[in-house]
Amino acid sequence: MDMEYPLEDRPIAGINLAATPSGTGCLECLGGDGPGWWLHLRRCAQCGHIGCCDSSPSQHASAHVRKAGHPVMRSFEPGEAWFYEHTTKKFFRGPRLPDPQSRPPEQPAPAPADKVPEDWRDRLHPVGSDPE
């Protein structure tokens, strides 16, 4: 993935350096909205909302972007630190956000394990519909 806009020593619109994650899983999936499971997680860089990626059945991270108007998300997957700006559709490197930086490494993907159907791969949205 090509990264643009390297980290700069200036505030970046849509990123709040004080916003902590809303949890370690998709807020809406865990709250009963949709089938209740996700593939990957995304973190709103403005408010810390954790939502599921666009490959997931419910696509709650993108729904949060549309509803809240918060255009910047960051991966919430272990080992990934990229940001994505929905308005420009560009990936970039950004500042370190408050911990935790990702879901717990021992948390499976997809998750939560007790909600993931056996045919989960058939229920994903096509590759390319998510900024990953």
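All values derive from a computational prediction rather than experimental measurement.
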Asks: Supply the atom-to-atom distance S58 OG to W38 CH2, rounded to the nearest 0.5 angstrom.
Replies: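 Here the interatomic distance stands at 11.0 Å.
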Asks: Would you compute the distance between atom CG of L97 and atom CZ of R74 and round it to the nearest 0.5 angstrom?
Replies: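 Those atoms lie 6.0 Å apart.
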Asks: Using side chain to side chain contact (heavy atoms under 4.5 Å, CB included), reason through F76 and Q101 one step at a time and then give a plain yes or no.
Replies: CA-CA 6 Å; F76 200 59; Q101 298 300 305; over 6 Å; no
Asks: Just so I know, are the side chains of F83 and P95 near enough to count as touching, which here means a heavy-atom distance under 4.5 Å?
Replies: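 In contact.
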Asks: Test of understanding: with salt bridge (charged side-chain N to carboxylate O under 4.0 Å, His left out), list the residues that count as partners of D99, not counting sequence neighbours.
Replies: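 Result, salt bridge (charged side-chain N to carboxylate O under 4.0 Å, His left out) vs D99: R96.
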Asks: Could you list the residues that satisfy side-chain contact (heavy atoms from CB on, under 4.5 Å) with S75, not counting sequence neighbours?
Replies: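 Counting only residues at least two positions away or on another chain, S75 forms a side-chain contact (heavy atoms from CB on, under 4.5 Å) with R42, E77, E80, W82.
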Asks: So do S62 and H86 actually touch side chain to side chain, heavy atoms under 4.5 Å?
Replies: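 The answer is yes; the side chains approach within 4.5 Å.
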Asks: Sequence neighbours left out, what passes side-chain contact (heavy atoms from CB on, under 4.5 Å) with A68? Give chain and number order.
Replies: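 Checked A68 against side-chain contact (heavy atoms from CB on, under 4.5 Å); matches are H64, H70.
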Asks: Among residues at least two apart in sequence or on other chains, which ones pass side chain to side chain donor-acceptor pair (under 3.5 Å) with R123?
Replies: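 R123: side chain to side chain donor-acceptor pair (under 3.5 Å) contacts with D119.
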Asks: Taking side chain as C-beta onward, heavy atoms only, is L39 less than 4.5 Å from C52?
Replies: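 No - every pair of side-chain heavy atoms lies 4.5 Å or more apart.
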Asks: Ignoring hydrogens and angles, write down the donor-acceptor pairs under 3.5 Å from the side chains of residues 28-37, residues two or more places apart or on other chains.
Replies:
unit_1 : atom_1 : unit_2 : atom_2 : d
E28    : OE1    : H49    : NE2    : 3.0
E28    : OE2    : H49    : NE2    : 2.8
D33    : OD2    : H60    : NE2    : 3.1

Asks: Could you pull out the closest heavy-atom pair between D54 and Q59, with the gap in Å?
Replies: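 So the minimum-distance heavy-atom pair works out to O-NE2, 2.8 Å.
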Asks: Run the side-chain donor-acceptor check on residues 13-25: report pairs under 3.5 Å with partners two or more places apart or on a different chain.
Replies:
unit_1 : atom_1 : unit_2 : atom_2 : d
N16    : OD1    : A18    : N      : 2.8
N16    : ND2    : Q46    : O      : 3.4
S22    : OG     : I50    : N      : 2.9

Asks: Got a sec: does the CD of E106 have more than 12 other heavy atoms crowding it under 6.0 Å?
Replies: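 Counting other residues, nucleotides and ligands, CD of E106 exceeds 12 neighbours.
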Asks: Are R103 and P78 close enough that some pair of their side-chain heavy atoms sits under 4.5 Å apart?
Replies: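 Heavy-atom side-chain distance check passes, below 4.5 Å.
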Asks: So do the side chains of F91 and E85 get within less than 4.5 Å of each other, counting heavy atoms only?
Replies: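 Sidechains of E85 and F91: no contact.
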